[in-house]
2 protein chains.
Amino acid sequence: MLKEERKKELKNQIFLKSIELFKEYGYENVTVEKIASSCGIAKGTFFNYFPKKEHVLLYLGNSQDDLLQDIAQKYQHLKIKQQLLNIFKELISVYLNNSDLFKLTISETIRSAFKNESTNINIFEETLTDLIENAKKNNTINTHFASGTISSVLVGIYFNTLVNWSVNNEKNESIITIFEKQFEVVWEGIE
Amino acid sequence: MLKEERKKELKNQIFLKSIELFKEYGYENVTVEKIASSCGIAKGTFFNYFPKKEHVLLYLGNSQDDLLQDIAQKYQHLKIKQQLLNIFKELISVYLNNSDLFKLTISETIRSAFKNESTNINIFEETLTDLIENAKKNNTINTHFASGTISSVLVGIYFNTLVNWSVNNEKNESIITIFEKQFEVVWEGIE
DNA sequence: ACGATAAAATGACCACAGTCATAAATTGAC
DNA sequence: GTCAATTTATGACTGTGGTCATTTTATCGT
């Protein structure tokens with residue numbers, strides 16, 4: 001059915017235009033009305049594609065999950081620790097390229113997780129879980145902890161790093177450094 | 001000056017009434033107008049005390065920081081690992097008593113951290129940092145990692161546990177169990 | 001090609017957070 | 001006690017997110 005195709009295209013157009021406007025003017029300064037008119041549609045139509053304005057951000061979050069898949073692929077040949085570190089470093093650098101927008105995206109992702117409105121974080125964790133599970137099968141990791149738990153911990157420090165950095169970016173310690181330190185603690189254990 | 005005293009009292013009254021209403025009807029279903037009239041003030045007055053509706057939640061978050069101080073006191077005599085575990089367990093149980101409200105509070109706390117509008121999380125981390133620093137001084141902990149980094153990691157998995165639990169509470173694994181598992185990973189190290 | 005049915009678009013409308021010019025109350029100096 | 005200055009309270013007003021009854025467009029069987 002062609003209809004489905006057109007719907008997807010329009011949704012994508014709304015998404016791209018929204019992000020473009022958010023980047024230029026800031027999320028709060030872009031009204032849904034403005035997005036709609038930029039796409040040549042009426043305001044009500046926007047809500048046929050995204051139930052709330054912030055769902056555009058969640059959609060962006062989803063695309064990050066796809067990105068994660070690609071990145072993970074890229075470092076497959078490395079040992080698990082380096083693989084994980086590189087993945088996170090790359091995610092962070094993407095984050096840095098548009099930190100204003102991603103701050104909001106991550107805020108919304110977390111918020112929607114609390115509201116059970118999105119499975120974004122779940123997918124993130126599952127991807128990492130698979131990665132670790134594979135490493136276990138190939139005996140390239142030696143741990144007695146469940147892959148899912150490890151994955152949770154890593155995601156936890158990842159998000160925490162982003163928050164930390166936002167708060168403390170006066171002391172201009174690089175965000176990568178902050179992450180690496182936390183990663184090292186988790187890898188080695190506190191004591 | 002008495003004025004200051006009265007201002008604090010009114011702010012506190014607004015705060016308490018707000019929380020009461022939020023608990024009864026849910027945050028979204030309580031209008032600022034409703035809060036104001038319940039306090040016998042005009043809507044505009046509310047905004048003289050809290051710049052945004054959500055700042056009531058941040059204020060609640062602050063009171064959690066005070067609570068943390070008290071709890072920390074209580075477990076002073078224990079070894080650092082048990083001390084930390086007990087602190088987090090107790091925080092989690094407070095969370096469970098009003099999870100709907102605290103979900104929003106934590107969402108807003110994280111969001112405000114991203115916006116640099118609040119130092120809530122910082123205070124949380126600093127308190128834990130002090131705790132760990134003390135343990136180092138007393139040689140009751142043996143680690144070569146910086147106290148601040150350890151504290152960050154712990155806060156990270158704490159928040160992450162709360163998020164995880166919200167998402168996965170169909171599989172009714174207890175939130176305490178989820179936290180303990182993650183804590184164990186961090187304490188022992190992944191491999 | 002026509003009519004019936006379903007899907008999608010529309011924009012007037014509403015609710016509510018937050019603003020702001022004005023009014024009331026409080027303070028302190030004399 | 002009076003007045004000026006400052007602080008606090010007020011509620012009409014505004015802007016925007018989101019809704020919904022209505023209209024327009026697409027689909028499909030005949």
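Predicted model, so just to flag it, every value in this text is computed and none were measured. We name chains A, B, ... by the order of the sequence lines, and we start the count at 1 in each one.
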Please check the phosphate of C/dA8 (OP1 and OP2 only) for any side-chain N or O of A/Tyr49 closer than 4.0 Å.
-> no

Is a side-chain donor-acceptor pair under 3.5 Å present for A/Gln64 with A/Asn120?
-> no

Length of the NE2-C1' vector between B/His55 and C/dA17, whole Å | 14 Å

Given side chains that start at C-beta, do those of B/Glu188 and A/Glu188 come closer than 4.5 Å, heavy atoms only?
-> no

For B/Leu10 and for A/Gly44, find the nucleotide of DNA chain D with the closest heavy atom, then tell me which residue's nucleotide is more 5'.
-> B/Leu10

How close or far is atom C1' of D/dG15 from atom NZ of A/Lys34, stated in whole angstroms?
-> 16 Å

Can you tell me how far P of D/dT10 sits from CD1 of B/Ile35, to the nearest Å?
-> 15 Å

Check whether any side-chain nitrogen or oxygen of B/Thr45 sits under 4.0 Å from OP1 or OP2 of D/dT10, and answer yes or no.
-> yes

Is there a donor and acceptor pair closer than 3.5 Å between the side chain of A/Lys52 and the base of D/dG17?
-> no

With sugar-phosphate meaning primed atoms plus P, OP1 and OP2, does B/Phe46 contact a base, only sugar-phosphate, or nothing at under 4.0 Å between heavy atoms?
-> nothing

Applying side chain to side chain contact (heavy atoms under 4.5 Å, CB included) between B/Ile87 and each of B/Ile92, B/Leu78, B/Leu68, report the one that passes.
-> B/Leu68

Are B/Lys136 and B/Phe145 in a cation-pi setup, meaning NZ or CZ lies under 6.0 angstrom from the ring centre and within 45 degrees of the ring axis?
-> no

Side chain of A/Asn48 (C-beta onward), nearest among D/dT19, D/dT16, C/dT10 | C/dT10

Atom CD1 of B/Ile14 and atom C1' of D/dT10: how far apart are they, to the nearest Å?
-> 13 Å

From D/dG17, D/dC13, D/dT10, nucleotide with atom closest to B/Lys43 side chain | D/dC13

If we ignore angles and hydrogens, is there a donor and acceptor under 3.5 Å between the side chains of B/Tyr75 and B/Glu90?
-> yes

Can you find an N or O donor on one side and an acceptor on the other, under 3.5 Å apart, linking the side chain of A/Lys7 with the base of C/dA8?
-> no

Atom CD of B/Gln13 and atom P of D/dA9: how far apart are they, to the nearest Å?
-> 11 Å

Mark yes or no for a side-chain to base donor-acceptor pair under 3.5 Å between B/Lys53 and C/dG18, with no hydrogen or angle criteria applied.
-> no

Please give, in whole Å, the distance from C/dA17 P to B/Phe47 CZ?
-> 7 Å

Report the distance from atom CG of A/Asn29 to atom C1' of D/dT16, rounded to the nearest whole Å.
-> 12 Å

Rounded to whole angstroms, how far apart are OH on B/Tyr27 and P on C/dA15?
-> 20 Å

Between D/dT27 and A/Arg6, is there an OP1 or OP2 to side-chain N/O distance shorter than 4.0 Å?
-> yes

